[in-house]
Protein chains: 2
Amino acid sequence: MTVVSLSSPRRAANQRRRAPQIIEAAARVFAERGFHGATTQDIADALGIRQASLYYYFSSKELALELVCLKGVEGFFEAGKAIAAGLGSARERLILLINSHLSPLIDRRDFVKVFLNERQHLPAESRRRIGRWSRGLERIFEDVIKEGMAKGEFRADLDPRMATLAILGMCNAASSWYRKENAPIPYIAGEFVRLVIDGLGKPAAKRRPRRR
Amino acid sequence: MTVVSLSSPRRAANQRRRAPQIIEAAARVFAERGFHGATTQDIADALGIRQASLYYYFSSKELALELVCLKGVEGFFEAGKAIAAGLGSARERLILLINSHLSPLIDRRDFVKVFLNERQHLPAESRRRIGRWSRGLERIFEDVIKEGMAKGEFRADLDPRMATLAILGMCNAASSWYRKENAPIPYIAGEFVRLVIDGLGKPAAKRRPRRR
DNA sequence: GAATTTTTCTATAGGTCAATAGATGGAATT
DNA sequence: AATTCCATCTATTGACCTATAGAAAAATTC
């Protein structure tokens, strides 16, 4: 009775094998020209297939955007939540958060870029859904900063909201210049961390020894 | 011979009186929907005139974008150059630069936003021209930071390029959230300055008295 | 108030693009 | 070998959008 009866046992598993490639091409094209500036023809050209053939993989251009955006955020939020809830001082967790926030640029630059720049063009419902993830991520950063302030690790006279927006703005901007500059992500993350924690200015008292 | 002969002395000065309004409407619409996502009909609707009437003010949608972008950068570069060449320590000038970079958001938010997000869609020539201005501005920040490092005002172990990109990313991102958050620009600038100069972390030695 | 100039309008041409329908060829399955 | 399934193709529709042409209206000047 509990037998589900797979009507065709040796079936499926083959369906839409190229789907990941198709979405990656869409990501590349959307990243380069923007959602509305890109045509489905552009995506097809990038793949060497006909425009109409794309519709075997997605039912609308907007859905393609949604799939790209999803790959652009997926992981971000989960990873952030794990770090925020994990061990370590607020300072240590903030460092991990910044690293984790930048690392998807290594292998998913186009997806991240599209998520950041084009999500506003998603249809209302998916935009709201994805917006919730974004706000969740802001929240994670903000809570860690607040905790650091409460525990005396960070200065107490900060506006944690402004600090959050500053840090995220800084990190997110990297998606647009990471290609041109040739600095590896871990290096960028390291510089950002030092800037965020210690700032540009020399400490008033004697210079502390620097790591590395 | 040198008489230019103004054929109609009491002439001109009336032409295209509404041009600034038209461009402002374009800025608003481009900021909201993006260049390719916006139609000339949208702009006309925002003004309460007919779509074709816009072409009395600009000869193509792309030219409208260029006019908006120009208003988005104009002043930025000049003001930055004056500050960089002016008096004061590197630290003081960096503070002025950050303030000056954020202040256009007060009365030209849409123009700045369009410049930042849509300039990629300008036709090749004007894109290059405007790109030169952008790079000039990066240069100004970078030079002040380098000077501060050389003079011992800033830490010497910074990567000035990374610091520049971090600061500009942080400031530019404000154009996208300034509307939602309700913090006044001078307040935002103040918070950013403290973060950039001193960082989040408490100084290792005893706490210095904070301004304000 | 007639003439001229400026601004806006109607109408439409011409192009581009997303999306659908149905055919075709090849691979896997029986 | 026949059948079923997967992927891509050709052809086309219908909507939308920029830009032009020329008429009408409103404002300004003489």
Side-chain angles (χ1 to χ4, degrees), chain A residues 5-30 32-69 114 118 121-124 126, chain B residues 5-30 32-68 114 118 121-123 126:
Chain A
S5 164
L6 302 158
S7 53
S8 3
R10 192 99 341 195
R11 182 58 61 66
N14 329 19
Q15 232 144 346
R16 265 147 266 228
R17 239 183 292 235
R18 297 184 69 191
Q21 271 177 266
I22 308 292
I23 293 303
E24 198 186 318
R28 215 172 327 136
V29 171
F30 288 160
E32 191 168 305
R33 318 204 179 185
F35 176 66
H36 286 296
T39 67
T40 51
Q41 184 66 62
D42 294 332
I43 302 174
D45 289 348
L47 289 159
I49 64 176
R50 301 278 158 167
Q51 180 261 344
S53 304
L54 291 173
Y55 285 79
Y56 180 66
Y57 293 95
F58 49 76
S59 55
S60 74
K61 195 185 165 194
E62 281 181 342
L63 181 60
L65 177 63
E66 188 173 351
L67 294 174
V68 171
C69 285
V114 170
E118 310 298 332
H121 300 117
L122 284 167
S126 47
Chain B
S5 164
L6 301 160
S7 53
S8 6
R10 190 98 338 189
R11 181 57 63 64
N14 325 20
Q15 231 144 348
R16 267 147 264 230
R17 240 183 293 236
R18 298 182 69 190
Q21 271 177 267
I22 308 292
I23 293 303
E24 196 185 320
R28 215 174 325 138
V29 171
F30 289 158
E32 191 167 305
R33 317 203 180 187
F35 176 66
H36 286 296
T39 67
T40 51
Q41 184 67 62
D42 294 332
I43 302 174
D45 288 349
L47 288 159
I49 64 175
R50 301 281 159 165
Q51 180 261 342
S53 304
L54 292 173
Y55 285 78
Y56 179 66
Y57 293 95
F58 48 76
S59 55
S60 75
K61 196 187 166 193
E62 281 182 343
L63 180 61
L65 176 62
E66 188 173 350
L67 293 173
V68 171
V114 170
E118 311 297 331
H121 300 117
L122 284 168
S126 48

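Naming: A, B, ... by sequence-line order, numbering from 1 per chain. Note that the structure is predicted; figures quoted are calculated from it, not measured. Below, each value reflects all heavy atoms present in this structure, side chains not excepted, and no hydrogens, waters or symmetry copies.
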[X] vs [N]: side-chain N/O to OP1/OP2 distance below 4.0 Å:
{"X": "B:Arg17", "N": "D:dT28", "answer": "yes"}
{"X": "A:Tyr57", "N": "D:dT8", "answer": "yes"}
{"X": "A:Tyr55", "N": "C:dA19", "answer": "yes"}
{"X": "B:Ser53", "N": "C:dT7", "answer": "no"}

Nearest whole Å is fine: how far is [N] [atom2] from [X] [atom1]?
{"X": "A:Lys61", "N": "C:dT20", "atom1": "NZ", "atom2": "C1'", "value": "17 Å"}
{"X": "B:Gln15", "N": "D:dA27", "atom1": "CD", "atom2": "P", "value": "17 Å"}
{"X": "B:Phe30", "N": "D:dT18", "atom1": "CZ", "atom2": "C1'", "value": "12 Å"}
{"X": "B:Arg16", "N": "D:dA27", "atom1": "CZ", "atom2": "P", "value": "18 Å"}
{"X": "B:Phe58", "N": "D:dA19", "atom1": "CZ", "atom2": "P", "value": "8 Å"}
{"X": "A:Tyr56", "N": "C:dG25", "atom1": "OH", "atom2": "P", "value": "18 Å"}
{"X": "A:Leu54", "N": "C:dA19", "atom1": "CG", "atom2": "P", "value": "11 Å"}

For this session: Check B:Thr40 against B:Gln51 and note the closest heavy-atom contact, atom names and distance.
Result: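 For B:Thr40 and B:Gln51, the tightest heavy-atom pair comes out as OG1-NE2, 3.1 Å.
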Problem set entry | Shortest non-hydrogen contact from B:Ser60 toward B:Tyr55 |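 Of all heavy-atom pairs spanning B:Ser60 and B:Tyr55, the closest is CA-CE2, 4.1 Å.
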Problem set entry | Closest nucleotide among C:dT8, D:dA7, C:dA19 to the A:Ser60 side chain |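 So the side chain of A:Ser60 is nearest to C:dA19.
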Problem set entry | Minimum-distance nucleotide (side-chain atoms of A:Ala52 versus C:dT20, C:dT10, D:dA7) |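 So the nucleotide nearest the side chain must be C:dT20.
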For this session: Please determine if A:Arg16 forms a cation-pi arrangement with A:Tyr56, meaning its NZ or CZ atom is less than 6.0 Å from the six-membered ring centre and no more than 45° off the ring axis.
Result: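 Yes; both conditions hold, so A:Arg16 lies above the ring face of A:Tyr56.
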For this session: Could you give me the CA-CA distance, side-chain angles and deciding distance for A:Lys61 and A:Leu65, then say whether side-chain contact (heavy atoms from CB on, under 4.5 Å) is met?
Result: CA-CA 6 Å; A:Lys61 195 185 165 194; A:Leu65 177 63; over 6 Å; no
Using a 4.5 Å cut-off on heavy atoms from C-beta on, say whether the side chain of [Y] contacts that of [X].
{"X": "A:Ile23", "Y": "A:Tyr57", "value": "no"}
{"X": "B:Leu47", "Y": "B:Arg18", "value": "yes"}
{"X": "B:Glu66", "Y": "B:Leu63", "value": "yes"}
{"X": "B:Glu62", "Y": "B:Leu122", "value": "no"}

Exercise. Which ones in residues 37-51 of chain B lie close to DNA chain C, meaning a heavy atom under 4.0 Å from one of its atoms?
Worked result: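 Listed by number, they are B:Ile49, B:Arg50.
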For this session: Using the six-membered ring wherever Trp is involved, compare the ring planes of B:His121 and B:Phe35 and label them parallel, tilted or perpendicular (cut-offs 30° and 60°).
Result: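 Ring orientation of B:His121 relative to B:Phe35: parallel.
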So which protein N/O to nucleotides 23-25 of chain D N/O distances come out below 3.5 Å?
none

